[in-house]
Amino acid sequence: LCRELYISRQSTQDEMQIMRSSHDHDVQEAKERAEQDFRAKLKAVDEMYLDNIHKLQAANKYLIDKYSKARLKYKRVKNRFIHAETQLGQFINKTGGKGA
């Protein structure tokens, strides 16, 4: 009877050890899956972040180009205006303010 109890107890301890090992293994697998999922999500966020940076850089370049072109156009118009104003002043001086 003692021998049977001992064998039964040993068998129960073995089963518990197997269950603990199985549980530990399942926990480890779940932990690894969670880490992989987290890394995948982090990578996706990084890619999205970099994509947004590239979009902002492109938009910034576009706006700088537009501003440069507008400023150049403004300078040309300003110079034409100054030139026309100068010619008008010369015309007025030649004619004494009486016109043609």
Side-chain angles (χ1 to χ4, degrees):
L1 181 64
C2 284
R3 182 171 165 77
E4 286 180 31
L5 284 174
Y6 177 78
I7 292 173
S8 175
R9 180 172 169 244
Q10 188 63 39
S11 176
T12 303
Q13 285 178 341
D14 290 347
E15 287 175 16
M16 287 179 68
Q17 181 62 35
I18 289 169
M19 287 173 59
R20 255 190 249 119
S21 294
S22 176
H23 174 73
D24 291 348
H25 184 260
D26 291 347
V27 168
Q28 185 62 32
E29 281 183 351
K31 189 177 176 183
E32 288 172 3
R33 273 195 309 275
E35 264 185 42
Q36 288 173 350
D37 289 348
F38 176 75
R39 288 179 197 274
K41 287 177 183 174
L42 189 61
K43 184 178 179 185
V45 168
D46 281 349
E47 288 172 359
M48 213 167 57
Y49 176 74
L50 288 174
D51 186 47
N52 285 338
I53 286 176
H54 291 137
K55 286 177 183 175
L56 286 172
Q57 287 173 335
N60 192 38
K61 184 183 181 315
Y62 172 80
L63 290 173
I64 288 170
D65 289 346
K66 282 290 189 184
Y67 171 77
S68 296
K69 287 177 184 175
R71 184 144 174 85
L72 187 61
K73 192 173 188 178
Y74 164 77
K75 283 182 178 181
R76 282 192 207 125
V77 169
K78 181 180 170 190
N79 288 338
R80 284 184 193 154
F81 176 77
I82 291 170
H83 180 68
E85 197 175 45
T86 303
Q87 285 183 329
L88 180 62
Q90 289 172 354
F91 178 75
I92 289 172
N93 286 339
K94 281 183 187 175
T95 60
K98 297 181 183 174

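Computed from heavy atoms alone, side chains included, the values below leave out hydrogens, waters and symmetry copies.
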Suppose we screen for side-chain hydrogen bond (donor to acceptor under 3.5 Å, both in side chains). Which residues come up paired with K55, at least two apart in sequence or across chains? D51
Can you list, pair by pair, the side-chain donor-acceptor contacts under 3.5 Å of residues 34-50, counting residues two or more places apart and other chains?
none

Of all residues at least two apart in sequence or in a different chain, which pass the side-chain hydrogen bond (donor to acceptor under 3.5 Å, both in side chains) check with K61? D65
Output all residues satisfying side chain to side chain contact (heavy atoms under 4.5 Å, CB included) with K73, sequence neighbours left out; order by chain, then residue number. none
Taking only residues two or more places apart in sequence, or in another chain, which ones meet Q28 in a side-chain hydrogen bond (donor to acceptor under 3.5 Å, both in side chains)? E32
Side chain to side chain contact (heavy atoms under 4.5 Å, CB included) partners for D26, two or more places apart: S22, E29
Listed by chain and number, what are the side chain to side chain contact (heavy atoms under 4.5 Å, CB included) partners of I64, not counting sequence neighbours? N60, S68
Donor-acceptor pairs under 3.5 Å, side chain of residues 77-86 to any protein atom, not counting sequence neighbours: which ones?
| from | atom 1 | to | atom 2 | distance (Å) |
| --- | --- | --- | --- | --- |
| N79 | ND2 | K75 | O | 3.3 |
| H83 | NE2 | Q87 | NE2 | 3.1 |
| T86 | OG1 | I82 | O | 2.8 |

